[in-house]
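Report on the following structure.
All figures in this text were calculated on a predicted structure; none of them were measured in a lab. Letters A, B, ... mirror the listed sequences (proteins, then strands); counts begin at 1.
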Number of protein chains: 2
Amino acid sequence: MKRNSRLSAVLHALLHMAERGAPMTSDELAVCLQTNPVVVRRTMAGLRDVGLVTSGRGHGGGWALARPLEAVTMRDIYSALGEPMLFQMGNATESPGCLVEQAVNHALDDAFRDAEAMLIARLGEVTLAMLAQDFKRRFAEHRALYQNKG
Amino acid sequence: MKRNSRLSAVLHALLHMAERGAPMTSDELAVCLQTNPVVVRRTMAGLRDVGLVTSGRGHGGGWALARPLEAVTMRDIYSALGEPMLFQMGNATESPGCLVEQAVNHALDDAFRDAEAMLIARLGEVTLAMLAQDFKRRFAEHRALYQNKG
DNA sequence: TTTCATGTAATAATAATAGTTACGAATTCA
DNA sequence: TGAATTCGTAACTATTATTATTACATGAAA
């Protein structure tokens with residue numbers, strides 16, 4: 001896994017889990033996401049805590065979706081991962097004794113809060129089912145191209 | 001200077017530069033922003049390159065605003081610092097061979113692009129003059145409180 | 001009871017950012 | 001001219017945050 005793009009990676013994982021019927025192990029997901037099994041567990045643990053996925057141990061164990069694709073939005077995932085991903089931009093000092101800084105921080109906070117609100121709203125409009133459908137469309141398109149060429 | 005809050009720090013600096021009539025040296029700004037003079041130079045150099053501030057060497061030199069406060073918005077500063085501050089969230093892989101990932105990234109990019117567009121629009125509505133005025137308001141308020149208490 | 005898989009703590013490695021040191025170049029003033 | 005400033009930058013170090021790894025315990029299934 002790279003950079004701070006955990007959201008992208010997790011969505012990726014969830015769609016692969018959906019394609020598969022049975023649970024996927026941390027090792028399988030780690031290969032899929034090009035990261036380490038322990039990192040997968042740590043990340044998925046957060047999703048399990050809010051009821052988005054389930055985990056099971058022993059034979060036949062692993063990670064599985066806890067809800068149908070239609071009932072999960074990108075916002076759910078974003079929130080489960082701990083929203084401050086972006087937008088944290090904590091203002092310079094936590095103890096704003098300087099009145100200039102108070103004025104600056106107030107204006108910045110306003111703008112960033114609004115932008116994040118819009119982001120969250122947009123993420124809430126897209127379900128995993130929609131993503132899966134978009135994937136299918138791309139797949140069909142890709143296959144058509146492939147058949148044309150050979 | 002702390003964290004990734006360069007935007008906040010720079011706005012802070014510019015307002016202090018405005019209060020003062022004469023240019024401020026990197027050393028003075030460094031004290032004001034609790035950072036290092038070299039860091040100040042590096043940061044301010046970006047603003048100078050887009051014509052927001054001027055720099056002068058030797059006696060009486062230092063940094064000064066190149067435009068009136070009314071003619072600079074928070075967006076100008078945000079852009080000059082290199083927008084990808086937040087929002088960079090580069091999707092997991094740069095070579096998206098996986099169609100699942102393509103679908104995910106497309107959806108995420110849409111949402112983040114819209115949110116950043118809103119952020120930039122909001123930042124563009126606030127001039128440094130407005131921030132200065134808000135500061136004055138806070139100062140008056142503060143002084144009133146102080147006089148009441150003794 | 002052996003094998004498989006998660007749970008988690010502790011540690012190491014990486015990457016991004018910020019801070020330092022050092023010195024060169026340009027400007028002012030005596 | 002020469003000394004005092006002050007920015008301009010490169011090179012290096014330090015710090016911080018994130019990610020990856022190791023190791024082992026816990027629980028479940030065959």
Side-chain angles (χ1 to χ4, degrees), chain A residues 1-10 12-13 17 20 22-49 52-66 81-94, chain B residues 1-10 12-13 17 20 22-49 52-66 81-82 84-90 92-94:
Chain A
M1 210 180 296
K2 287 177 181 178
R3 297 174 152 264
N4 56 7
S5 54
R6 278 163 64 211
L7 179 54
S8 168
V10 168
H12 189 179
M17 284 163 56
R20 173 94 65 100
M24 289 182 74
T25 68
S26 302
D27 286 52
E28 288 170 327
L29 288 172
V31 170
C32 171
L33 300 181
Q34 302 178 56
T35 184
N36 191 286
V38 177
V39 175
V40 171
R41 285 184 206 124
R42 280 202 288 246
T43 304
M44 300 299 279
L47 302 199
R48 183 198 49 215
D49 292 347
L52 289 170
V53 301
T54 60
S55 64
R57 307 203 220 199
H59 288 89
W63 302 93
L65 289 171
L81 292 178
E83 322 206 356
M85 282 179 87
L86 295 310
F87 293 104
Q88 57 201 3
M89 104 101 36
N91 308 116
T93 57
E94 297 303 327
Chain B
M1 211 179 295
K2 286 177 183 178
R3 298 174 150 262
N4 55 5
S5 53
R6 278 163 63 211
L7 180 54
S8 168
V10 168
H12 189 179
M17 284 163 56
R20 171 96 64 103
M24 289 183 73
T25 68
S26 301
D27 286 51
E28 288 170 328
L29 288 171
V31 170
C32 171
L33 300 180
Q34 302 180 55
T35 184
N36 191 286
V38 178
V39 175
V40 171
R41 286 185 205 123
R42 279 203 290 244
T43 304
M44 299 299 280
L47 302 198
R48 184 197 49 216
D49 292 346
L52 290 169
V53 300
T54 59
S55 64
R57 306 202 220 201
H59 286 91
W63 303 93
L65 289 170
L81 292 178
M85 282 178 87
L86 294 310
F87 293 104
Q88 57 201 3
M89 104 97 43
T93 57
E94 297 303 326

Reading nucleotides 3-13 of chain D from 5' to 3' and marking B where a protein heavy atom lies under 4.0 Å of the base, S where only the sugar-phosphate is that close, and - otherwise, the string is -BBBBBBBB--

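Atom-to-atom, CD of A:E28 to P of C:dC4 comes out at 13 Å; the value is rounded to the nearest Å. Between the CE atom of A:M17 and the C1' atom of C:dT6 there is a distance of 14 Å, rounded to whole Å.
At the phosphate of D:dT21, OP1 or OP2 sits under 4.0 Å from a side-chain N or O atom of A:N36.
Residue pairs meeting the salt bridge (Lys or Arg N to Asp or Glu O under 4.0 Å) criterion with at least one partner in residues 28-38 of chain B, sequence neighbours excluded, are B:R20-B:E28.
Among residues two or more places apart in sequence or in another chain, the side-chain contact (heavy atoms from CB on, under 4.5 Å) test is passed with A:V31 by none. Remark: A:R48 pairs with A:S55 by the side-chain hydrogen bond (donor to acceptor under 3.5 Å, both in side chains) rule, at least two apart or across chains.
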Yes or no on side chain to side chain contact (heavy atoms under 4.5 Å, CB included) for A:M44 and A:M24, after CA distance, side-chain angles and deciding distance?
CA-CA 12 Å; A:M44 300 299 279; A:M24 289 182 74; over 6 Å; no

*asked:* Quick one, A:T35 with A:L29, criterion side chain to side chain contact (heavy atoms under 4.5 Å, CB included). Give me CA distance, side-chain angles, the key distance, then yes/no.
replied: CA-CA 8 Å; A:T35 184; A:L29 288 172; over 6 Å; no

